[in-house]
Amino acid sequence: MLLAVFVYLPLAQNLAFSTQEWDIYSGTSEFVGLENYEKLLGDAVFWSALANNGLYALLSIAFQVAGALVLAAMIESLRSMRWRKALRAIYFVPSAISLTVAGLLFYFIYEPNLGMLNHLLEAVGLGALTQPWLGQESTAMVGIIAMSQWQGFGYSTLLFAVAIQRIPSELYEAAAIDGIGPVRRFLHVTVPLVREMTGLMVIVTISGAFQVFNEVMVMTSGGPNNSTQVLATWLYRSGFVRNDFGYAAAIATVIFVVTLIVALGQLWYTKRRRVDF
Amino acid sequence: MRRNRTIPLAATAAAALIALTACGGGAAEPAADVTAEPVYEGKLSLLTKFAGEPLETYFDDLATAYEAEHPEVEIELIQETDQSIKDKTKTLTASGALPDVYFTWAGDWAENFVGGGLAADLTDLIAPGTEWGDRFGKASLSAFEYDGKFYGVPLYNNGKFMGYSKAAFAEAGVEVPTNFDELIDSCGPLREAGYEPIAFGNKDGWPALHYLQQLFAYNVPSDVLHADFDPETAEWTDPGYVRSLEQFKTLVNECTDSGSGTNGVLYTTAQEALAGGRAAMYYQEVLEFDTVTVEDAKLSTEDFGIFPLPAPADAAGDPNAVEGSPEGYLINAKSPQAALAADFMKFVTEPENAKTLSSSPYGQPSTVIGAVTEETSSKAVFEGITQVNEASQLVVWLDTITVPEVADAWLAGGEAIISGSSTPEEVLESVRAANADAK
């Protein structure tokens, strides 16, 4: 019952509202059919936001799935338990920081005049590479995504480390006896046996990439010139800044459809790719 | 990858908000009778824009004093910042939960509440010639006048001026510029003297619009400019707009250290650059004057001067216009406590309280006649308000006088001009497209 009231009813209402034009001041509304969805098709910022979500997903898969898996394998291959524990903790620490705090932290790191990054580049003789990282369209989105990778990388690594620990050590010992090197052990033992976790991480990563909001709002609010808008921030701006709540509801429907597809994929994947030892 | 699930599903949030709209908005409720005798009991809610130091205590103290006078009354304060109050107000509006009294800017922002029947008509109480209305200058009251009716309680005046360090100017050997070209020419010597000529941060988008609106007032004939604020009559084709955008770009490139990267700098970082003695100038509101000369600032009150953004020599608009407007409060037309709300706002604008507002540490120049004097206010605030009062016209902020779609196009356009990703013509094209959508 609670699920129906707090999840399904709002979703159904959102779908209904996306077919209306609302005036929050007078409380009046007008049925406009699919007009808000037609408007989506011709809205350049919507498509740019969708592309930014896509870029976010791609880079997150590269760093937080592929990169995290490699790092987890390297950490778990260390002989020293003490080092393994220490490294897991070190990489996990950024994940314990809230996205809002991390976003603010990186905002100041990227600040063009006072920020640490530009000062660091100048200190090592790379002054030519200094940029107003969040202040220009060409680097702002990548800057935000980089912060997000820093923040989420350790968490993914920890999950992969747990998955690797579940692999029976006899398999690695047998491979070593057969003279198989660490790279091939990773490719032929680790990767296949953590595929369940990998699949799950890919799906969670894509789903998360289409729900990004906090870091963008904190670091750029979608600017400059809407270059860092993602679907959730464009939804927010359409509703709360442009007073176009019907259109915001249409964007929300798109986000819902995308995340629903990914969630269904997750269900399907976890049923089919279960790994048993 | 772990993701915060509190914000999304966005669908749920938007739906919840709009669902609340359906519940709260548009219900036929009796209009508030602000002229009734107030009943001094119950809770009165107030949404302010005074969150944070040093402003927060102003309404705290007033609420305490009012509650002491009327023990059966409880004042509930909801204090927000300049940035957060926009979202808060819209959320409360959409959910039909507007407080009894709430902050407003002049222009389209206030007009939305008036048009939606959410602002009580205060004409009988506050129109010029009434006992309460005579406390204020007519221009302050007119800022919230719609169709001959008065809706707002103006609390303080505001205007935008270039604040500067007299010491930096003396060191660089430059005089206060009298036209826009002289302003640009002063930047070289100031930079050579070791200062950032003009500190500027545009992370939030609106600071650029403050420059632009003042330049529009100078470069665009007044009748054209005011016609362009209304989507029904707007054309946005006057050549003064392109000229203003080009002048703005020149200022950003020639006079700021961050140049095309200014979109990555916070407004407050720029403010601190002037206060900290690193910058020579900073374009700011009267409300900020006392902030750049606070106790621990390197800039002293004696060293701090102001001048209007200099007009271009052959500008086609009004060279004596000043950008700014009063800010004030509306009384919820659906409030059952409307008469009490009006009584509380009368208390807030009593001359003594108005003087307190105008004095340090608040430094908010009250709209109440006689509240801003050389004794009650800092020299700069007094000078700024004097210039506001003497201006040929006050031009309201670009992002509150235009409809939201057009304001948003200007916000993106200002950022695009700074970063160099759009030409002035392209920005105007996007504004015209937004205006067409808004019609």
Side-chain angles (χ1 to χ4, degrees), chain A residues 7 10-11 13-14 17 22-28 60 64-65 95 99 110-114 131-137 140 152 155-156 201 204-205 207-209 211-214 220-221 223-226 231-232 235-237 239-245 248-249 251-253 255-256 259, chain B residues 1-19 21-22 24-27 86-87 90-91 93-94 96 112-113 115-118 196 202-205 257-266 269 273 403-405 407-408 411-413 415-416 418-422:
Chain A
V7 178
L11 285 173
Q13 281 186 312
N14 181 74
F17 295 141
W22 286 85
D23 180 345
I24 61 163
Y25 299 99
S26 66
T28 56
S60 295
Q64 297 193 39
V65 180
S95 300
L99 268 173
Y110 287 139
E111 215 272 349
N113 299 327
L114 310 169
Q131 305 280 338
W133 300 99
L134 299 177
Q136 60 187 8
E137 287 91 328
Y155 186 76
S156 310
M201 289 301 295
V204 170
T205 300
S207 173
Q211 298 175 49
V212 167
F213 181 87
N214 283 8
T220 63
S221 307
N225 194 17
N226 290 322
L231 289 176
L235 176 160
Y236 169 84
R237 197 166 180 117
F240 284 90
V241 178
R242 299 167 72 99
N243 291 351
D244 197 348
F245 284 94
I251 298 172
T253 305
I255 297 174
F256 172 68
T259 49
Chain B
M1 176 176 170
R2 192 179 52 150
R3 188 60 46 209
N4 187 335
R5 287 173 182 272
T6 55
I7 296 302
L9 286 176
T12 311
L17 175 62
I18 302 168
T21 310
K86 295 166 188 166
D87 301 345
K90 287 187 181 180
T91 306
T93 304
N112 280 325
F113 293 96
L118 299 171
E196 178 177 15
N202 194 50
K203 177 179 179 283
D204 296 316
D257 279 0
S258 39
S260 60
T262 300
N263 292 319
V265 182
L266 276 172
T269 303
V403 295
E405 296 91 334
D408 198 42
L411 283 167
E415 291 170 347
I418 288 173
S419 66
S421 61
S422 296

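Chain identifiers are assigned alphabetically (A, B, ...) following the order of the sequence lines, protein sequences preceding nucleic acid strands; residue numbering begins at 1 within each chain.
Looking at heavy atoms from C-beta onward, B:Val265 lies in side-chain contact with A:Pro112 at the 4.5 angstrom threshold. In this structure, B:Ser422 and A:Asn225 have side chains that are in contact, with non-hydrogen atoms separated by less than 4.5 Å. Residues B:Lys90 and A:Asn243 form a side-chain contact, since some pair of their non-hydrogen atoms from C-beta on lies under 4.5 Å apart.
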Given the rule in the side chain to side chain contact (heavy atoms under 4.5 Å, CB included) test, do B:Val403 and A:Arg242 qualify, once you have shown the distances and angles that lead to the verdict?
CA-CA 8 Å; B:Val403 295; A:Arg242 299 167 72 99; over 6 Å; no
I would like to know whether A:Thr220 and B:Lys203 meet side chain to side chain contact (heavy atoms under 4.5 Å, CB included); could you show each step before the answer?
CA-CA 7 Å; A:Thr220 63; B:Lys203 177 179 179 283; 5.9 Å; no
Assess the residue pair B:Ser419 and A:Gln136 against the criterion (side chain to side chain donor-acceptor pair (under 3.5 Å)); give the C-alpha distance rounded to whole Å, side-chain angles, the decisive distance to 0.1 Å, and a yes or no.
CA-CA 6 Å; B:Ser419 66; A:Gln136 60 187 8; over 6 Å; no
Taking it one step at a time, do B:Asn263 and A:Leu134 satisfy side chain to side chain contact (heavy atoms under 4.5 Å, CB included)?
CA-CA 7 Å; B:Asn263 292 319; A:Leu134 299 177; over 6 Å; no
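Within the model, atoms CD of A:Gln131 and OG of B:Ser260 stand 9.0 Å from one another, a figure rounded to the nearest 0.5 Å. Note: B:Asp257 CG to A:Leu114 CG = 10.0 Å, rounded to the nearest 0.5 Å. Between A:Asp23 atom CG and B:Asn112 atom CG the span is 7.5 Å, to the nearest 0.5 Å. Expressed to the nearest 0.5 Å, how far OG1 of B:Thr93 lies from OH of A:Tyr25 amounts to 6.0 Å.
A:Asn113 touches chain B through its side chain: at least one heavy atom from C-beta onward sits under 4.5 Å away, while N, CA, C and O do not. With a threshold of 4.5 angstrom between heavy atoms, B:Ile418 does not approach chain A through any atom at all. For A:Ile251, no part sits under 4.5 Å from any heavy atom of chain B, backbone or side chain. Proximity to chain B is absent for every atom of A:Tyr110, based on heavy atoms less than 4.5 angstrom apart. With a 4.5 Å cut-off on non-hydrogen atoms, B:Ser258 touches chain A through its backbone and its side chain both.
Counting heavy-atom pairs closer than 4.5 Å to chain A, the top-ranked of the candidates B:Thr262, B:Leu266, B:Leu411 is B:Leu266. Your options are B:Asp87, B:Asp204, B:Asn202, B:Leu118, and the one with the most heavy-atom pairs under 4.5 Å with chain A is B:Asp87.
Annotation for A:Glu111 and B:Thr269: closest pair OE2-CG2, 3.8 Å, computed over non-hydrogen atoms.
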